[in-house]
Peer 1: 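Structure incoming, see below.
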Amino acid sequence: STHDHLFKLLIIGDSGVGKSSILLRFCDDEFNEKQASTIGVDFKTKFMQVRGKKLKLALWDTAGQERFRTLTSSYYRGAQGIILVYDCSQRSTFEHVKFWQDEVRKYSTNQDAILMLVANKVDLPDQQVTREEGEEFAFANSMMFIETSAKTRQGIKQAFEEVVFKILDT
Ligand code: GTP
Ligand code: MG
């Protein structure tokens, strides 16, 4: 076999928070200032070497736009890790995190799914959500937390590594 473990990860959050950009940075080490909004669902794979094991990650990139909601909800099934992203330069996307959590409760069939809250776009000068607010929300809701920038690479690799370590330890 080409790998020791296959993990299904899902990335969710409002449109424009940078979900596709995070995956593009993680998988291909690229960044696109004019990244196109996702239509429906995209799929990427990534191999990772962790603790001497070869992992294959199946990464499902969902559209944040509301008109795709019915379609994207069917992809929650069986995900071992869910990455919930907000844009720390857009307060409304942080306020919608509760909405996305409800979607997870409704559609994720895996009780043990690992949840990671990601504050993306930390590189931008005008921050509307503090790190403390993000951390507090994550802690109160049993989620992991990390700040990232798909643009500068900050936290990107670490976000996936931490999710994978947690899945391996659960
Ligand atoms: P949908 O597919 O519509 O759900 O959006 P998305 O969450 O996939 O967002 P996308 O990756 O398309 O990024 C939206 C815009 O934000 C693009 O113009 C990106 O270049 C930009 N962007 C994404 N991540 C970052 C970041 O970390 N920093 C900065 N400055 N811009 C970012
Ligand atoms: Mg997208």
Side-chain angles (χ1 to χ4, degrees), residues 1-14 17-30 38 40-64 68-69 71-88 93-94 96-122 131 134-150 152-170:
S1 167
T2 59
H3 52 270
D4 303 305
H5 298 282
L6 170 65
F7 293 146
K8 174 182 175 177
L9 305 186
L10 183 75
I11 187 161
I12 60 173
D14 280 4
V17 297
K19 300 179 295 297
S20 300
S21 301
I22 288 169
L23 291 181
L24 185 67
R25 178 57 88 192
F26 179 57
C27 296
D28 306 321
D29 198 21
E30 285 170 16
T38 304
V41 175
D42 280 338
F43 177 72
K44 278 180 162 304
T45 56
K46 169 89 175 169
F47 285 93
M48 257 178 120
Q49 192 81 24
V50 167
R51 293 178 186 154
K53 300 261 185 230
K54 198 164 186 198
L55 311 185
K56 183 178 181 179
L57 303 184
L59 303 163
W60 294 92
D61 178 17
T62 62
F68 300 115
R69 206 84 12 110
L71 173 79
T72 54
S73 63
S74 62
Y75 288 84
Y76 288 60
R77 187 177 300 269
Q80 286 129 308
I82 300 176
I83 295 170
L84 203 175
V85 186
Y86 66 91
D87 171 353
C88 49
T93 68
F94 177 65
H96 289 171
V97 165
K98 282 195 184 70
F99 164 83
W100 291 107
Q101 245 194 325
D102 285 343
E103 295 285 282
V104 172
R105 285 196 198 100
K106 271 194 272 182
Y107 302 117
S108 164
T109 53
N110 180 6
Q111 300 293 318
D112 299 326
I114 301 305
L115 260 103
M116 167 72 93
L117 184 64
V118 170
N120 190 42
K121 307 199 191 182
V122 279
R131 182 197 169 93
E135 262 174 353
E136 251 170 56
F137 185 92
F139 184 76
N141 291 275
S142 309
M143 298 158 109
M144 292 190 286
F145 176 78
I146 194 164
E147 289 184 307
T148 63
S149 167
T152 68
R153 302 186 177 79
Q154 182 183 331
I156 299 293
K157 192 166 173 241
Q158 199 189 335
F160 290 91
E161 281 173 351
E162 287 188 11
V163 170
V164 160
F165 285 143
K166 194 79 181 270
I167 294 171
L168 284 167
D169 291 339
T170 300

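As a basis for the values below, the full set of heavy atoms in this structure was taken, side chains included, without hydrogen atoms, waters or symmetry mates.
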Peer 1: Check whether any side-chain heavy atom of Ile83 sits under 4.5 Å from a side-chain heavy atom of Lys19, and report yes or no.
Peer 2: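 No. Closest side-chain heavy atoms not under 4.5 Å.
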
Peer 1: Out of curiosity, Leu168 CG to Ile114 CD1, how far, rounded to the nearest 0.5 Å?
Peer 2: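 Answer for the CG-CD1 pair, Leu168 versus Ile114, is 10.0 Å.
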
Peer 1: Give the minimum heavy-atom separation between Gly134 and Phe94, together with the two atoms involved.
Peer 2: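 Residues Gly134 and Phe94, closest heavy atoms: CA-CE1, 4.0 Å.
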
Peer 1: Ignoring hydrogens and geometry, is there a side-chain-to-backbone donor-acceptor pair from Thr109 to Gly78 under 3.5 Å?
Peer 2: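 Yes, Thr109 side chain to Gly78 backbone: donor-acceptor pair under 3.5 Å.
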
Peer 1: Search all heavy atoms of Met143 against all heavy atoms of Phe137 and return the closest pair with its distance.
Peer 2: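 Between these two residues, the closest heavy atoms are SD-CE2, 4.1 Å.
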
Peer 1: Do Asn120 and Val85 come close enough that some side-chain heavy atom pair is under 4.5 Å?
Peer 2: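 Contact flag for Asn120/Val85 side chains = yes.
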
Peer 1: Do the rings of His3 and Phe47 sit parallel, tilted or perpendicular, given the 30° and 60° boundaries?
Peer 2: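 His3 and Phe47: tilted rings.
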
Peer 1: Please report the shortest heavy-atom distance between Trp60 and Val41, naming the atom on each side.
Peer 2: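 So the two residues come closest at CE3-CG1, 3.5 Å.
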
Peer 1: Evaluate the criterion side chain to side chain contact (heavy atoms under 4.5 Å, CB included) for residue pair Met48 and Val164; output intermediate values, then yes/no.
Peer 2: CA-CA 10 Å; Met48 257 178 120; Val164 160; 4.3 Å; yes

Peer 1: How long is the gap from CG on Leu117 to CG on Asn141, to the nearest 0.5 Å?
Peer 2: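 The CG atom of Asn141 is 8.5 Å from CG of Leu117, to the nearest 0.5 Å.
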
Peer 1: State, to 0.1 Å, how close Thr38 and Phe68 come at their nearest heavy-atom pair, and which atoms those are.
Peer 2: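 Of all heavy-atom pairs spanning Thr38 and Phe68, the closest is O-CE1, 3.7 Å.
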
Peer 1: With distance as the sole test, does Ser73 use its side chain to make a donor-acceptor pair with the main-chain N or O of Tyr107 at under 3.5 Å?
Peer 2: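 The answer is no, because no donor-acceptor pair under 3.5 Å joins these two groups.
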
Peer 1: Could you check whether any side-chain N or O of Arg69 sits under 3.5 Å from a backbone N or O of Gly64, counting only pairs where one atom can act as donor and the other as acceptor?
Peer 2: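 It does hold such a pair.
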
Peer 1: I want to check something: taking the side chain as every heavy atom from C-beta on, are Leu115 and Ser142 in contact at a cut-off of under 4.5 Å?
Peer 2: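 Not touching, per the 4.5 Å side-chain cut-off.
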
Peer 1: Distance check, rounded to the nearest 0.5 Å: Asp169 atom CG versus Arg51 atom CZ?
Peer 2: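 These two atoms lie 4.5 Å from each other.
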
Peer 1: Are there more than 12 heavy atoms of other residues, nucleotides or ligands under 6.0 Å from atom NZ of Lys44?
Peer 2: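 Atom NZ in Lys44 is packed in, count exceeds 12.
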
Peer 1: Can you name the salt bridge (Lys or Arg N to Asp or Glu O under 4.0 Å) partners of Asp61, sequence neighbours left out?
Peer 2: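 Result, salt bridge (Lys or Arg N to Asp or Glu O under 4.0 Å) vs Asp61: none returned.
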
Peer 1: Could you tell me whether a side-chain N or O of Thr148 sits under 3.5 Å from a main-chain N or O of Gln154, the two making a donor and an acceptor?
Peer 2: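 No.
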
Peer 1: Could you check whether any side-chain heavy atom of Phe160 comes within less than 4.5 Å of a side-chain heavy atom of Met116, counting everything from C-beta outward?
Peer 2: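 Phe160 vs Met116: side chains apart.
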
Peer 1: Is the side chain of Lys8 donor-acceptor paired with the backbone N or O of Arg77 at a distance under 3.5 Å, no angle test?
Peer 2: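 Indeed, once roles are kept as given, a pair shorter than 3.5 Å links the two residues.
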
Peer 1: Quick check for you: to the nearest 0.5 Å, what is the distance between Ser108 atom OG and Gln101 atom CD?
Peer 2: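 Here the rounded value is 12.0 Å.
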
Peer 1: Quick one: do Val118 and Ile11 satisfy side chain to side chain contact (heavy atoms under 4.5 Å, CB included)? Show the steps, please.
Peer 2: CA-CA 10 Å; Val118 170; Ile11 187 161; over 6 Å; no

Peer 1: Taking Leu59's backbone N and O only, do any of them form a donor-acceptor pair with Lys46's side chain (distance below 3.5 Å, no angle check)?
Peer 2: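 Side chain of Lys46 to backbone of Leu59: no pair is present.
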
Peer 1: Between Asp14 and Asp87, is any pair of side-chain heavy atoms under 4.5 Å apart?
Peer 2: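 Asp14 vs Asp87: side chains apart.
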
Peer 1: How many angstroms lie between OG in Ser149 and CD1 in Ile22, if you round to the nearest 0.5 Å?
Peer 2: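 Reported value, rounded in 0.5 Å steps: 9.0 Å.
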
Peer 1: How close do Ile82 and Ala79 get, counting heavy atoms only, and between which atoms?
Peer 2: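 In this case the closest contact between Ile82 and Ala79 is CG1-CB, 4.2 Å.
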
Peer 1: Nearest 0.5 Å, please: how far is CD1 in Ile146 from CD in Glu135?
Peer 2: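 The CD atom of Glu135 sits 11.0 Å away from the CD1 atom of Ile146.
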
